[in-house]
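Reminder, nothing fancy here: chain letters follow the sequence lines and each chain counts from 1.
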Amino acid sequence: MTKAFKFTINSRLSGSLARAGTLETPHGTIETPAFIPVGTKATLKSLTPEQLADTGAQAVLANAYHLYLRPGPDIIDQAGGLGAFMNWSRPTFTDSGGFQVMSLGVGYKKVIDMTGTDPEHQPKKANLARIDNDGVTFKSHLNGDLHRFTPEISMQIQHQIGADITFAFDELTTLYDSYDYQIESLNNRTHPWAARSLAEHRRLNAERSHRPPQALFGVVQGANYEDLRRKSAKFLGNMDFDGFGLGGALEKSRIGEITRWMSEELPEDKPRHMLGISEPDDIFDCIENGADTFDCVSPARVGRNGALYTRHGRVNITRQEYKTDFRPFDETCDCYTCANYSRAYLSHLFRSKELLANTLATIHNEHFILKLVDDIRNSIADDSFYSFKAEFVKEYYESR
RNA sequence: GCCGGAGUCGUCUAGUGGCAAUGACAGGAGACUGUAAAUCUCCCCCUUUUUAGGUUCGUAGGUUCGAGUCCUACCUCCGGCA
């Protein structure tokens, strides 16, 4: 029986946990480290799949919660799976929906607090989600209908959607939850749910042998706590997952060491995916500490909101100074947008609220982050990672 | 010429005699990390670091403790009649 999924490490960066490799799936191979753009509702907002492929995207990640609510997993299954449905022939991922189910309630807008644990910014009480040890009952953000996810249900949905790589259903805690709550969450939910996700996943892979086999990543939690991160990574690492997602709340300034704790405990020969990370400094820190893939909405979202990446940092294209600036957005960028359009034109499109603004900005931002990760991958292979990182970070964060 | 109506922050607009005065747009700045996001926040008469001060609702007077609001005249615009 052919394994659906194969991860090979081709080179390592000495003195670090960084590695470059390949991740084979039934829909193609991903060169790692890799950034995976997010197309939550089976579309990367404002781009056609062809445009997305042209930015350099090797895969796309969609969301089980959103696709479950609409159009419903049956329809995607009937279409032949996510890739066929959205006309994307390369590899696909789906997130379990755990993040959405939880973040719409207790953690809404407060899940990943990068600045700390200021009690003044504590999240409001849960209003859409209620968590118990068996699963989560929640209200649809679309119409308030009551729904329930359990690990089994999430896996059933993810198998109907049919992405190459799926994630276990986990509990998302926040930085505001106590240490005791974090332990209780790992012991009573995230870890048992991982085992249940894995069992249901195996059953479904066997039952649905007419479809390409899917892979399942377990999701490590533990917030900012070293003992909990290590414990969670070790616990999940002993289970037969195809890879691992590193998730949950964490302080931005500690993202590197937190990644390292998990990488040191996880099996060396399986891929590690950072959930929801894409800022350049975070990507460098995570790769250096053993991360292989990333997904994030940020490049697309901030792009639609008028913020474009440059090697000198992120800038808002609606700034007055760009109104009459006829240079390409970034002379050193080889994306479609920079090859063909000026800053003044982009400024005009955003000010006019023209739809093309979203498309051109998204193309640039996705390409920027994808290219960055490509360059990092190459720097691991030729051992220039540290100088490349130092140069990039200095230019990106200090020159503006 | 007569009768009626109207003049408020760049634009449109709210405004019972009682706090520079509503909202929208335009304009300026910022934010966004497993997408409830083509979204959100702040500024937007002048000066000031501020709790402050100054000057304002077509113009000029008046009534009043107090006027964007009431009265008078004038100016401008829009209807109607000549």
Participant: Ignoring hydrogens and geometry, is there a side-chain-to-backbone donor-acceptor pair from N143(A) to D145(A) under 3.5 Å?
Facilitator: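 Present.
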Participant: On a plain distance test, is the side chain of N316(A) in donor-acceptor contact with the base of G28(B) below 3.5 Å?
Facilitator: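 Not at all, since no donor on one side and acceptor on the other fall under 3.5 Å apart.
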Participant: Write down the distance separating the P atoms in C44(B) and C78(B), rounded off to the nearest Å.
Facilitator: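 Between the two P atoms, the distance is 35 Å.
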Participant: Could you measure between the two P atoms, the one in U63(B) and the one in U72(B), and give it in whole Å?
Facilitator: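 Looking at atom P only, U63(B) and U72(B) are 15 Å apart.
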Participant: To the side chain of R319(A), which of A29(B), U33(B), U35(B) is closest?
Facilitator: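 Closest nucleotide to the R319(A) side chain: A29(B).
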Participant: Within the pair T40(A) and U35(B), is there a side-chain N or O less than 4.0 Å away from OP1 or OP2?
Facilitator: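 For U35(B), OP1/OP2 do have a side-chain N/O of T40(A) under 4.0 Å.
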Participant: Please give the distance between the C1' atoms of U56(B) and U51(B) as a whole number of Å.
Facilitator: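 Their C1' atoms lie roughly 23 Å apart.
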Participant: Does any nucleotide pair with A6(B) by Watson-Crick or G-U wobble geometry, both distances under 3.5 Å, and what is it?
Facilitator: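 Looking at the geometry, A6(B) pairs with U76(B).
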Participant: Consider the side chain of H141(A), meaning its heavy atoms from C-beta on, and name the nucleotide among G28(B), C32(B), A36(B) that approaches it most closely.
Facilitator: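 Nearest to the side chain of H141(A) among the choices is A36(B).
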Participant: How far, in whole Å, is G27(B) from G10(B) if one measures between their C1' atoms?
Facilitator: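 Those two atoms are separated by 8 Å.
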Participant: Would you mind classifying the nucleic acid contact of H66(A) as base, sugar-phosphate or nothing, using non-hydrogen atoms under 4.0 angstrom?
Facilitator: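 Sugar-phosphate only.
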Participant: Please tell me which of the listed nucleotides, A38(B), U33(B), G34(B), lies nearest to the side chain of L275(A)?
Facilitator: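 Comparing A38(B), U33(B), G34(B) against the side chain of L275(A), the answer is G34(B).
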Participant: Pick base, sugar-phosphate or nothing for A300(A), based on heavy-atom distances below 4.0 Å to the nucleic acid.
Facilitator: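 Since a base atom lies under 4.0 Å of A300(A), the category is base.
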Participant: Ignoring hydrogens and angles, answer whether the base of U35(B) and the side-chain atoms of K45(A) contain a donor-acceptor pair closer than 3.5 Å.
Facilitator: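 Per atom types, no contact qualifies.
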Participant: Tell me which of D170(A) and R351(A) sits closer to the 5' end of RNA chain B, going by the nucleotide each one is nearest to.
Facilitator: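 Counting from the 5' end, the first nearest nucleotide belongs to R351(A).
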Participant: Could you go step by step and tell me if R203(A) and E207(A) meet the salt bridge (Lys or Arg N to Asp or Glu O under 4.0 Å) rule?
Facilitator: CA-CA 6 Å; R203(A) 187 186 75 75; E207(A) 178 182 285; 2.6 Å; yes
Participant: Starting the side chain at C-beta, find the nucleotide from U33(B), A26(B), G34(B) nearest to D295(A).
Facilitator: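 From the listed options, G34(B) comes nearest.
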Participant: Under a 3.5 Å cut-off for both contacts, is G1(B) paired Watson-Crick or G-U wobble with anything, and if yes, with which nucleotide?
Facilitator: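 Looking at the geometry, G1(B) pairs with C81(B).
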Participant: Check this one for me: any side-chain N or O of N305(A) less than 4.0 Å away from OP1 or OP2 of A38(B)?
Facilitator: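 N305(A) to A38(B) OP1/OP2: no side-chain N or O under 4.0 Å.
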Participant: When the P atoms of A73(B) and C2(B) are considered, how many whole Å apart are they?
Facilitator: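 Their P atoms lie roughly 12 Å apart.
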Participant: Does R301(A) have a side-chain nitrogen or oxygen under 4.0 Å from the phosphate oxygens OP1 or OP2 of U33(B)?
Facilitator: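 For R301(A), the contact criterion (side-chain N or O under 4.0 Å from OP1 or OP2 of U33(B)) is met.
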Participant: Can you tell me how far P in U64(B) sits from the matching atom in G15(B), rounded to whole Å?
Facilitator: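 Straight-line distance between the two P atoms is 28 Å.
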Participant: Would you say R304(A) places a side-chain N or O within less than 4.0 Å of OP1 or OP2 belonging to C32(B)?
Facilitator: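 No.
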Participant: Both G306(A) and L142(A) contact RNA chain B. Taking the nearest nucleotide for each, which residue is further toward the 5' end?
Facilitator: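 Counting from the 5' end, the first nearest nucleotide belongs to G306(A).
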Participant: Applying salt bridge (Lys or Arg N to Asp or Glu O under 4.0 Å), run through E279(A) and R314(A) and close with a yes or a no.
Facilitator: CA-CA 10 Å; E279(A) 284 303 300; R314(A) 213 195 258 171; 2.5 Å; yes
Participant: Could you please name the option among U35(B), G34(B), U33(B) that lies closest to any side-chain atom of S298(A)?
Facilitator: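 Given the options U35(B), G34(B), U33(B), the side chain of S298(A) is closest to U33(B).
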Participant: Short question: side chain of E171(A), backbone of T190(A) - any donor-acceptor pair under 3.5 Å?
Facilitator: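 Looks like no, no N/O pair under 3.5 Å.
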Participant: Quick test of your reading of the model: are R229(A) and E226(A) salt-bridged, counting only N-O distances below 4.0 Å?
Facilitator: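 No, R229(A) and E226(A) are not salt-bridged.
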Participant: Can you tell me whether the side chain of E171(A) and the base of G34(B) have a donor-acceptor pair closer than 3.5 Å?
Facilitator: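 In this structure, the two groups form no donor-acceptor pair.
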Participant: Among the candidates U33(B), A36(B), A29(B), find the nucleotide nearest to the side-chain atoms of D282(A).
Facilitator: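 Looking only at side-chain atoms, D282(A) lies closest to U33(B).
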Participant: Considering only atom C1', compute the distance from C25(B) to A31(B) and round it to an integer number of Å.
Facilitator: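 Nearest-Å result for C25(B) against A31(B) at atom C1': 22 Å.
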Participant: In terms of relative ring orientation, are F388(A) and F284(A) parallel, tilted or perpendicular, with 30° and 60° separating the classes?
Facilitator: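 The rings of F388(A) and F284(A) sit tilted, inter-plane angle from 30° to 60°.
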Participant: Using both distances under 3.5 Å as the test, list the Watson-Crick or G-U wobble partner of U49(B), or none.
Facilitator: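 Matched U49(B) with nothing under the 3.5 Å cut-off.
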Participant: Considering only atom P, compute the distance from C77(B) to A82(B) and round it to an integer number of Å.
Facilitator: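 Result for the P pair: 22 Å, nearest Å.
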Participant: Give E279(A) one of three labels, base, sugar-phosphate or nothing, depending on what nucleic acid heavy atoms sit under 4.0 Å from its own.
Facilitator: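 Here E279(A) touches the bases of the nucleic acid.
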Participant: Measure from the side-chain heavy atoms of K323(A) and tell me the nearest of G27(B), A38(B), U35(B).
Facilitator: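 That would be G27(B).
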Participant: Can you tell me how the ring of F368(A) sits relative to the ring of Y396(A), calling it parallel under 30°, perpendicular over 60° and tilted otherwise?
Facilitator: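 Ring orientation of F368(A) relative to Y396(A): tilted.
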